[in-house]
2 protein chains.
Amino acid sequence: MNFLEERIIKDGIVKEGNVLKVDSFLNHQMDIALFDQIGKEFKRRFAKEKINKIVTIEASGIGIACIVARHFNVPVVFAKKSKSINIEGEMYVAEVESFTHKCKNQVIVSKKFLNPEDRVLIIDDFLANGCALQGLISIVNESGASVEGIGIVIEKGFQSGGQIIRNLGYHLESLAIVDAMDASTGKVTFREQPEWDSEQL
Amino acid sequence: MNFLEERIIKDGIVKEGNVLKVDSFLNHQMDIALFDQIGKEFKRRFAKEKINKIVTIEASGIGIACIVARHFNVPVVFAKKSKSINIEGEMYVAEVESFTHKCKNQVIVSKKFLNPEDRVLIIDDFLANGCALQGLISIVNESGASVEGIGIVIEKGFQSGGQIIRNLGYHLESLAIVDAMDASTGKVTFREQPEWDSEQL
């Protein structure tokens with residue numbers, strides 16, 4: 001079990017409806033020392049890619065992306081979510097529709113901050129159906145930049161988002177993949193992943 | 001002129017209606033090396049306070065708060081903004097009304113993440129009328145925690161927010177205070193501040 005899986009077991013709370021609450025360390029209160037470990041591990045997993053920019057989405061992706069960015073020495077661009085269509089200036093806009101939530105949202109990035117020379121690492125806290133992630137990929141591709149990798153902190157492996165992104169050929173790394181959760185016992189089952197090289201952590 | 005003022009002069013854009021666009025380095029694309037300098041300077045200015053938690057508000061405060069938090073070795077809690085009143089669980093909620101925008105918003109933090117032992121540094125990117133900041137202060141006070149300091153990256157000194165907060169006795173530090181902007185010439189006038197001790201930067 002890696003440091004993140006251990007932390008999920010310790011502080012995560014399983015709720016009915018396949019909800020995993022990790023708001024005490026990941027997406028409401030944020031443990032910066034943990035984010036730093038996450039940054040080191042992403043740097044190790046994407047060591048071969050020549051990343052020059054990190055792209056994430058508001059709000060809970062931003063803190064992780066900023067700490068991860070220190071390990072790559074690159075700037076972060078965060079996409080905005082909006083229900084409106086009142087866009088000022090030159091923006092990349094992706095319409096994303098949630099299959100489960102039946103709602104449409106826009107993912108927006110200013111054209112100034114993505115260009116064909118950019119080699120992008122996408123970072124986000126959660127991947128379930130992958131709706132927001134699909135919007136981010138769409139925007140990066142539209143700009144002519146390349147998606148060099150996608151780093152996710154927690155993937156819900158029993159939902160389709162991760163598999164679809166891997167099927168499309170993207171280099172997706174999820175630090176913890178939850179294959180099952182049981183709200184009655186609180187038990188979380190993780191997918192086995194290759195042993196981490198703890199020397200490098 | 002300090003490093004931040006220099007960066008505002010170099011990359012900030014003054015628009016009609018007293019709008020200062022700093023989206024290339026502060027609140028859309030984020031320069032993490034600059035955030036690190038900001039963190040060092042806040043640590044110097046709040047060196048005497050025994051901060052154990054940083055509180056900020058989504059979305060653009062989060063990145064700065066996380067990098068600043070590394071200099072204090074403390075966790076970050078970010079407040080959520082909402083127009084809804086559909087709050088699940090135990091939350092601190094502050095209703096804030098914008099004097100200029102005539103709109104009401106809620107600022108929300110889970111009760112789990114603020115308690116009377118907390119000694120809070122509030123961090124945000126901008127301070128103008130101070131509407132969001134008033135909501136954050138209200139929530140920290142409601143929890144029984146203390147506001148030890150408030151660190152703002154850019155204050156619009158020609159709007160009332162900063163003065164009100166100082167009148168109320170809070171230790172507010174703004175790294176750059178803009179006293180005037182001219183959209184026709186692009187000129188930005190900063191308020192003079194005590195010399196920084198550059199040795200410590």
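Bear in mind that the values here come from a model prediction, so they are computed numbers and not experimental data. Sequence lines set the chain letters: A, B, ... in the order given, protein chains first and strands last, and positions in each chain run from 1.
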Check the side chains of B:K53 and A:Q29 for a donor-acceptor pair under 3.5 angstrom, ignoring hydrogens and angles. yes

Using a cut-off of under 4.5 Å for heavy-atom pairs, which of B:V76, B:V77, B:I67 has the most such pairs with chain A?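 Between B:V76, B:V77, B:I67, the count favours B:V76.
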
Salt-bridge present (A:K81, A:E58; N to O < 4.0 Å): no

Checking [X] against chain B: side chain, backbone, both or neither under 4.5 Å from a heavy atom?
X: A:V109; value: both
X: A:D36; value: side chain
X: A:S24; value: both

Between B:Q37 and B:F3, is there a donor-acceptor pair closer than 3.5 Å when you use the side chain of the first and the backbone of the second? no

Does B:F42 have its ring centroid less than 6.0 Å away from the ring centroid of B:H71?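 Ring centres of B:H71 and B:F42 not closer than 6.0 Å.
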
